[in-house]
Amino acid sequence: MLIVLTEVFMSTEYPHTEIESKWKRIWKESGAHHTDLSSTDRKFYGLVMFSYPSAHKLHIGHWYNFAPADSYFRWKRMQGYNVFEPMGYDAFGLPAENYAVAQGVNPTITTAQSVAGIREQLEQIGAMYDWDREVNTSSPQYYKWTQWLFLTLHKMGLAYQKQAPVNWCPSCQTVLANEQVTAEGQCERCGTMLTKRDLKQWFFRITKYADKLLEGLKRLDWPRKTKIMQENWIGRSEGTTISFSIEGQDDPIDVFTTRADTLYGVTYLVFAPEHPLIQEITTEEQRAEVDAYIETVNKATEIERTATDRVKTGVFTGAYVIHPFTNERLQIWVADYVLLGYGTGVVMAVPAHDQRDFEFARKYELPLQIVIQPEGEILDPNMMAEAYETAGTMVNSGEFGGMPSEEGKNAVTQRLEESGKGCSSVNYRLRDWLISRQRYWGTPIPIIHCPKCGKVPVPEDQLPVLLPENVKEFAPKGKSPLAALPQFMEVKCPHCEGAAKRDPDTMDTFVCSSWYFLRYLSPERDDIAFDSDRVKAWLPVDQYIGGAEHSVMHLLYARFIAKALHDANLIHFDEPFTRLRHQGIITHKGEKMSKSSGNVVNPDNFVNEYGSDVFRMYMMFMGDYEQGGDWSDEGIVGIHRFVNRLWRLYQDHAIDSVSDESPELSEKLNYTLNYTIQQVTKNLEDLQFNTAISRMMELLNTLYEETTDGPFPGLTSVLDVFARVVAPFAPHLGEELWHMIQGEACPETTSVFDQPWPDFNPEALVKETITLVVQINGKLRDRIEVPADVDQDAALAKAKASEKVAPYIEGREIRKMVFVPKRLLNIVI
RNA sequence: GCGAAAGUGGCGGAAUUGGCAGACGCGCUGGAUUUAGGAUCCAGUGGCUUAUAGCCGUGGGGGUUCGAGUCCCCCCUUUCGCACCA
């Protein structure tokens, strides 16, 4: 009795728990997801942005990144590619450490727990992860090679230490790179307002690659928006560097301008308040005022300082420069609208033709000289309400008078070059990458500071510099916790063997993640960072999928590292990610999910209730993958129904003994089947999972209609094809359905994912009769059934015969006709 | 302020060399089946009206065209990125 009941139950409801665990077990036992990296024919490297174990759980955003990506990669496998799909943990860094600090437990322990939990959840997804190539950036086996990477860059002169005003997070108690500061001047991780500190820090010379980073973008299949963001971040700007000699000083001061044509309009110079030269040039009379001003500026927060709509302030330093052409004396001012970080930190002020200078000059009654005249209008210095910033004709400009200002840029620059007072130059917004962190949970910087020999790299055979594990005082306190550990800090200098100290800082975790795609290929190797042969055969990554929030940070850093390693002749490519896509954001009830709004969707609940296949398929069905979608607890039942309907169809017909030898598919089914294959194939390439699933639903609906009177010859092969089409979207279900069709003879270790992706038959998509739309004056009046190859006259004849059309044209003259074959006939009267 | 993307039923969303607006799904309505249904199957479902038909309809306003969700111009709203970059 019990058995009968179970069977009844099973025949209606898809038993997801059993089926999913069954196939997970079989895949694991058969090594289905182990990629043979020595077989390089038709390779496909599918990568997702690995997870960052800050707390216990994978959230829905991870699922949304990983599961649809896996569907895409599974499809690539069915297309005959040898797919490599690795997974790992970006386990160092602030979130992991902040979580540990909050728990009062060493991050070594909390991270291990988090990784174990995440690993379990990753298994639930049922993705094709090659667990033999799992990496954890916080393991010595990995960070040994992050240190090697640092030393490689150091050898190339791309890693250097300098004293500089840097972003400081008072909460995380560490410095941050420019990329890790939000638009509001807050810490990218914790949201705390940042301050500036003047510290000696390690930098990577990413600015050296600014042009290469721009150029490389052109070769990439990346979202337009992401490319634009990187371009803007690099911020290339062509202009002229001009030398002004300072009265009473030997060395001239350089300024950068994009408007050399306005050189004759310069009426004063402005220094950034942090500029080191200010102390030297300020006169005794002005010193008190300048010092007071600088102190006020220092007190202002970054956000106050950079607000564009506030009134500009500044003071006169008492010093003067000499104009390179006119030899006029020009005042030097200090003002906080000039930024030390851009150009030379000094600006030549042209109030007539720059709005910022204009506002400043008006406020402090500084002179204004017009040197560009617009067409058909005469500017009057006393009447101007704003600066004239666009092009025009040069005036009051000595020999350049009458020249169009666009030409003037080059002409002036050339004259400066001739007189040795300037040259054309390029400036970037991009700053060097600050990689030091005053934190415990990161890769130690492999440098030893020796009082005699200076900065000495740790010899490669002494790597890794191990991060001490049993540390009680790991909480951040303004300098690296490692600095307080004598057993770590005190070493012998590798050169002179004298007493020396280690570098106490750890590296930005973005260093770890900037090269992980290399490590995945040979994580077992203890003697090299990566296997060159495998790198050559498998990289670059064919498809990379991850969040748009990394558009600038991780993606820019990884590109930089690839270019540096390429220049070191260590890798053959200089762009690591050939094709990139970002998944969108899943909202719930129209809002971003957050603990504070209480609208967080917990994946585990839905995976338990509906199974991971249904969960992943619903995420794919919700909306366009790259745009995201809105989660609905009700919406998921649509996919649940689809899966159950599919299941019942196979339950009812998988064992039908109707012969397949002379298939009798209806024209409609034959069309729908082939149309489905065609569209799903196209949609998958574009990652348009939502419409692909719609097409499969249509096919299922058609199959229900066609099987109401029982099975028909050919049904089994339709079900075989359908199982293969469904498989990438719902891997466990697809595998089960396909095996139901193959029968007992097919071993469980033979996977549907090693079967060919079905081809469609183009002939089946050609219809003999079509519905032609008949319009009168552009308005739809009727639809008529006509042969597909009908001509205009025949179509008109048929249209005239239509009861709905006839009244409109009776007794009226047809003025014009538009006939679009296979689509419509528009009669204009 | 600058740059990018978007705006379509009650809801999520389809539809682009300009050619049937609303595919597919949720929800809702009706029917069938059932002891029962939060199961299943079938049908319907943009709005309005004088309803076997007609009119209106893709943020708003203009335009091009036989024909516009789609192209052009102006405006509004939302999201994202950047923001004194000299």
Side-chain angles (χ1 to χ4, degrees), chain A residues 12-13 182-184 223-233 235-237 239-240 255-259 262 270 272 305-310 312 335-339 341-350 353-357 359-360 427-430 548-549 551-552 585 587 589-590 592 618 621-624 626-639 641-642 644-645 648 679 688 690-698 700-701 704-705 708 771-783 804 815-829:
Chain A
T12 54
E13 184 86 357
T182 67
E184 289 76 36
R224 198 176 123 79
K225 191 185 162 122
T226 309
K227 290 188 187 186
I228 290 173
M229 278 170 67
Q230 291 213 353
E231 273 170 21
N232 291 342
W233 188 263
R236 185 179 205 273
S237 157
T240 310
V255 305
F256 174 76
T257 179
T258 54
R259 295 294 304 272
T262 64
V270 194
R305 170 85 191 269
T306 54
T308 50
D309 52 355
R310 65 190 257 280
K312 297 170 185 15
D336 64 357
Y337 77 94
V338 176
L339 309 172
Y342 188 77
T344 60
V346 185
V347 164
M348 61 174 221
V350 186
H353 306 293
D354 182 287
Q355 186 57 26
R356 295 157 299 182
D357 299 338
E359 288 165 22
F360 192 77
N427 244 286
Y428 302 92
R429 205 187 85 102
L430 180 69
E549 67 275 15
S551 293
V552 172
I585 290 173
T587 55
K589 295 171 182 165
K592 248 185 186 172
Y618 177 57
F621 184 64
M622 269 188 317
D624 184 278
E626 295 180 67
Q627 267 166 250
D630 197 60
W631 177 272
S632 148
D633 290 0
E634 291 79 45
I636 194 173
V637 307
I639 296 293
R641 279 180 203 149
F642 169 71
N644 276 320
R645 271 161 69 82
R648 279 196 304 273
Q679 291 299 306
Q688 284 165 348
N690 54 338
T691 46
I693 292 171
S694 295
R695 295 295 86 78
M696 293 192 286
M697 287 172 166
E698 283 167 355
L700 182 63
N701 290 342
Y704 260 71
E705 284 168 30
T708 43
T771 307
L772 191 77
V773 169
V774 182
Q775 295 181 340
I776 306 292
N777 290 345
K779 287 202 170 166
L780 177 87
R781 292 304 173 191
D782 199 8
R783 301 181 172 94
K804 289 179 183 170
R815 297 214 322 252
K816 185 174 179 179
M817 269 205 292
V818 180
F819 178 66
V820 182
K822 296 187 186 177
R823 288 196 190 274
L824 62 76
L825 177 70
N826 187 11
I827 303 167
V828 185
I829 53 174

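Predicted, not measured: the structure shown is a model, and the values here were computed from it. What's counted below: heavy atoms across the whole structure, side chains too, no hydrogens, waters or symmetry copies. Labels below follow one simple rule: chain letters A, B, ... track the order of the sequence lines, proteins then strands, and each chain is numbered from 1.
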Measure the distance from [atom1] on [X] to [atom2] on [N] and round it to the nearest whole Å.
X      : N     : atom1 : atom2 : answer
A/D633 : B/C11 : CG    : C1'   : 14 Å
A/E698 : B/G25 : CD    : P     : 8 Å
A/Q679 : B/A15 : CD    : C1'   : 11 Å
A/K816 : B/U65 : NZ    : P     : 10 Å
A/M229 : B/G3  : CE    : P     : 16 Å
A/L780 : B/A53 : CG    : P     : 12 Å
A/D336 : B/C84 : CG    : P     : 11 Å
A/D624 : B/G12 : CG    : P     : 15 Å

Rounded to the nearest 0.5 Å, what separates atom [atom1] in [X] from atom [atom2] in [Y]?
X      : Y      : atom1 : atom2 : answer
A/Q679 : A/E698 : CD    : CD    : 9.0 Å
A/I693 : A/I639 : CD1   : CD1   : 5.0 Å
A/E634 : A/I636 : CD    : CD1   : 11.0 Å

*Any donor-acceptor N or O pair under 3.5 Å, side chains A/R645, A/N701*: yes
*For side-chain contact (heavy atoms from CB on, under 4.5 Å), just list the numbers for A/Q688 and A/D624, CA-CA rounded to whole Å, side-chain angles, deciding distance to a tenth of an Å, and then say yes or no.*
CA-CA 6 Å; A/Q688 284 165 348; A/D624 184 278; 4.1 Å; yes
From the set [options], return the single nucleotide nearest to any side-chain atom of [X].
X      : options             : answer
A/M697 : B/A86, B/A15, B/C24 : B/C24
A/L339 : B/C20, B/C66, B/A86 : B/A86
A/R641 : B/C85, B/G27, B/C55 : B/G27
A/N826 : B/C66, B/C84, B/A5  : B/C66
A/K779 : B/A86, B/C24, B/C56 : B/C56
A/T691 : B/A15, B/C42, B/A5  : B/A15
A/K312 : B/G19, B/C84, B/C85 : B/C84
A/N690 : B/G13, B/A86, B/G19 : B/G13
A/R781 : B/A86, B/C84, B/C55 : B/C55
A/V637 : B/G27, B/C84, B/C20 : B/G27

*Look at the side chain of A/R695 against the base of B/A23 and say whether a donor-acceptor pair falls under 3.5 Å; ignore hydrogens and angles.*
yes
*Kindly express the pairing pattern of RNA chain B in dot-bracket notation, using | wherever a base pairs with another strand and counting only Watson-Crick or G-U pairs under 3.5 Å.*
(((((((..(((......[....)))((((((.......))))))((((...))))..(((((..]....))))))))))))....
*asked:* For A/D630 and A/M622: C-alpha separation, side-chain torsions, deciding distance, then whether side-chain contact (heavy atoms from CB on, under 4.5 Å) applies.
replied: CA-CA 7 Å; A/D630 197 60; A/M622 269 188 317; 5.9 Å; no
Is there a side-chain contact between [X] and the phosphate of [N], meaning an N or O under 4.0 Å from OP1 or OP2?
X      : N     : value
A/K225 : B/A5  : no
A/R645 : B/C41 : yes
A/R648 : B/A39 : no
A/R823 : B/C66 : no
A/S237 : B/A86 : yes
A/R429 : B/A86 : no
A/N701 : B/G25 : yes
A/N232 : B/C2  : no

*For A/Q627, which contact category applies under a 4.0 Å heavy-atom criterion: base, sugar-phosphate, or nothing?*
nothing
*asked:* Applying a 4.0 Å non-hydrogen cut-off, can you work out what A/S632 is touching in the nucleic acid: base, sugar-phosphate, or nothing?
replied: nothing
*asked:* Nearest heavy atom decides the nucleotide; on that basis, is A/V828 or A/D357 closer to the 5' end of RNA chain B?
replied: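 It is A/V828, whose closest nucleotide lies nearer the 5' terminus.
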_Given RNA chain B, 5'-ward residue of the pair A/Y428 and A/T708, judged by closest heavy atom_ = A/T708
*Tell me, yes or no, whether the heavy-atom count around A/I228 atom CD1, taken from other residues, nucleotides or ligands under 6.0 Å, exceeds 12.*
yes
Could you work out the separation of [N] and [M] based on their [atom1] atoms and round it to a whole Å?
N     : M     : atom1 : result
B/G67 : B/U50 : P     : 31 Å
B/A23 : B/C73 : C1'   : 32 Å
B/U8  : B/G59 : C1'   : 10 Å
B/G54 : B/G63 : P     : 27 Å
B/C42 : B/G19 : C1'   : 34 Å
B/G30 : B/U17 : P     : 42 Å
B/A51 : B/A6  : C1'   : 38 Å
B/A68 : B/G61 : C1'   : 15 Å

*Is it true that a side-chain atom of A/T587 and a backbone atom of A/G629 form a donor plus acceptor pair closer than 3.5 Å?*
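Yes; judged by distance alone, with no hydrogens or angles, the pair exists.
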_Whether A/Y337 and A/F360 hold their rings parallel, tilted or perpendicular, with breakpoints at 30° and 60°_ =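 Geometry flag for A/F360 against A/Y337: tilted rings.
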*Is there a side-chain contact (heavy atoms from CB on, under 4.5 Å) between A/I585 and A/K592 once you walk through the steps?*
CA-CA 8 Å; A/I585 290 173; A/K592 248 185 186 172; 4.1 Å; yes
*Given the rule in the side-chain contact (heavy atoms from CB on, under 4.5 Å) test, do A/N777 and A/I829 qualify, once you have shown the distances and angles that lead to the verdict?*
CA-CA 7 Å; A/N777 290 345; A/I829 53 174; 3.8 Å; yes
_Where the chi angle of B/G13 falls, syn if within 90° of 0 and anti if not_ = anti
